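Written out below as structure tokens is the structure these notes cover.
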There are 2 protein chains.
Amino acid sequence: MTEEEKKRSETRARILKALAHPTRIFIVEKLNEKSYCVCELTALIGADTSTVSKHLSVLKNAGLVIDEKKGTAVYYSLACNCVLDFIGCVETVIRKNIERDIRFLKT
Amino acid sequence: MTEEEKKRSETRARILKALAHPTRIFIVEKLNEKSYCVCELTALIGADTSTVSKHLSVLKNAGLVIDEKKGTAVYYSLACNCVLDFIGCVETVIRKNIERDIRFLKT
DNA sequence: TGGTTATTTGGTAAAATAGCCAACAATAAA
DNA sequence: TTTATTGTTGGCTATTTTACCAAATAACCA
């Protein structure tokens, strides 16, 4: 790997890693509907507030979500609709995997 | 999270996690050109053979690549062109992040 | 057969992640 | 001002991930 290839791969991996957690991919799915504040997401997820807050900061640092303060609440939303495309990609892969498995079983 | 939402998020995260490593995203990028055997990839990456082999098995277990034995060599290729779409998504996010940063600096 | 090359697997130590609790900060309400 | 409510941060432990080495496996060749 050249130095440039290495840097590019690290940048890409950093973004993918931010998304690669069940709770965080769930958050992204939810934020596609509308903005949610931390306490609402905490209720939906069923984990400690601090845990959810940390997941949100991981997403924010990767530039996947943005936050906006309203009173004491902090509302999060997708930084770009394109973030949702990852879920589309994942679902395609899952579907293709199933198709491949079926084809294999038929042999 | 309902039990179903949890399971779906875990499935999705498992696939994203398989991709979320600099070396593995680099491998996917390379495999888009053509099939490569482990020793070729090892030379390109510059890590231990066993390390590269393990990265490949992570990708394979996620259904992102397939392998084919030819003599003593094992050739890997993308399981589906759709795997490359992840890189497209990541690049879009990176581009949008830069645009956002520029817009912010202008204020 | 014996040796060589290619790959995978097991072991291990170091580093990164994740989750909870407690403490702190900020804003709103009484 | 005191009291709640909402979020973030630091500290700690447990788990997972990663990389290398060494050993085992597989297929080819002399």
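Given the structure is predicted, the values throughout are model-derived calculations rather than measurements. Just so we're on the same page: letters track the sequence lines, and every chain starts at 1.
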Original post:
Could you state the CD1-P distance from Ile27(A) to dG19(C), rounded to the nearest angstrom?
Top reply: 10 Å

Original post:
Please walk me through it: do Arg8(B) and Glu29(A) pass salt bridge (Lys or Arg N to Asp or Glu O under 4.0 Å)?
Top reply: CA-CA 11 Å; Arg8(B) 186 171 63 233; Glu29(A) 190 182 4; 3.0 Å; yes

Original post:
Rounded to whole angstrom units, what separation is found between the CG atom of Asp67(B) and the P atom of dT9(C)?
Top reply: 10 Å

**OP:** Could you state the atom-to-atom distance from CG of Asn61(B) to C1' of dT8(C) in whole Å?
**Re:** 13 Å

Original post:
Do Lys34(B) and Tyr36(B) meet the cation-pi criteria used here (NZ or CZ under 6.0 Å from the six-membered ring centre, within 45° of the axis)?
Top reply: yes

Original post:
What integer distance in Å separates Leu59(B):CG from dT7(C):P?
Top reply: 16 Å

Original post:
Atom CD1 of Ile45(B) and atom C1' of dT18(D): how far apart are they, to the nearest Å?
Top reply: 14 Å

Subject >> Interatomic distance, Leu56(B) CG vs dT17(D) P [rounded to whole Å] >> reply: 17 Å

**OP:** Give the rounded distance in Å between these two atoms: CZ of Arg24(A) and C1' of dA18(C).
**Re:** 9 Å

Original post:
Starting at the 5' end of DNA chain D, which residue's closest nucleotide do you reach first, Cys37(A) or Lys17(A)?
Top reply: Cys37(A)

**OP:** Would you indicate whether the side-chain heavy atoms of Val74(B) and Glu68(B) approach each other to under 4.5 Å?
**Re:** no

Subject >> Closest to side chain of His55(B), choosing from dT7(C), dT8(D), dA19(D) >> reply: dA19(D)

Subject >> Step-by-step side chain to side chain contact (heavy atoms under 4.5 Å, CB included) determination, Phe86(A) to Leu16(A) >> reply: CA-CA 9 Å; Phe86(A) 284 102; Leu16(A) 285 167; 3.8 Å; yes

Original post:
Is there a side-chain polar atom (N or O) of Tyr76(B) under 4.0 Å from OP1 or OP2 of dT8(C)?
Top reply: yes

Original post:
Does a salt bridge link Glu91(A) with Arg12(B), judged by any charged N lying under 4.0 Å from a carboxylate O?
Top reply: yes

**OP:** Please check if the side chain of Ser57(B) supplies one atom and the backbone of Lys54(B) the other of a donor-acceptor pair under 3.5 Å.
**Re:** yes

**OP:** Determine the contact category for Tyr75(B): base if any of its heavy atoms lies under 4.0 Å from a base atom, sugar-phosphate if only primed atoms, P, OP1 or OP2 are that close, otherwise nothing.
**Re:** nothing

**OP:** Specify the separation, in whole Å, of atom CZ of Phe26(A) and atom C1' of dA18(C).
**Re:** 18 Å

Protein N or O to nucleotides 21-28 of chain C N or O, pairs below 3.5 Å:
unit_1  : atom_1 : unit_2   : atom_2 : d
dC21(C) : OP2    : Asp48(A) : OD2    : 3.4
dC21(C) : N4     : Ser50(A) : OG     : 2.9

Original post:
Passes side chain to side chain contact (heavy atoms under 4.5 Å, CB included), Cys89(A) versus Asp85(B)? Steps please.
Top reply: CA-CA 7 Å; Cys89(A) 288; Asp85(B) 295 345; 3.6 Å; yes

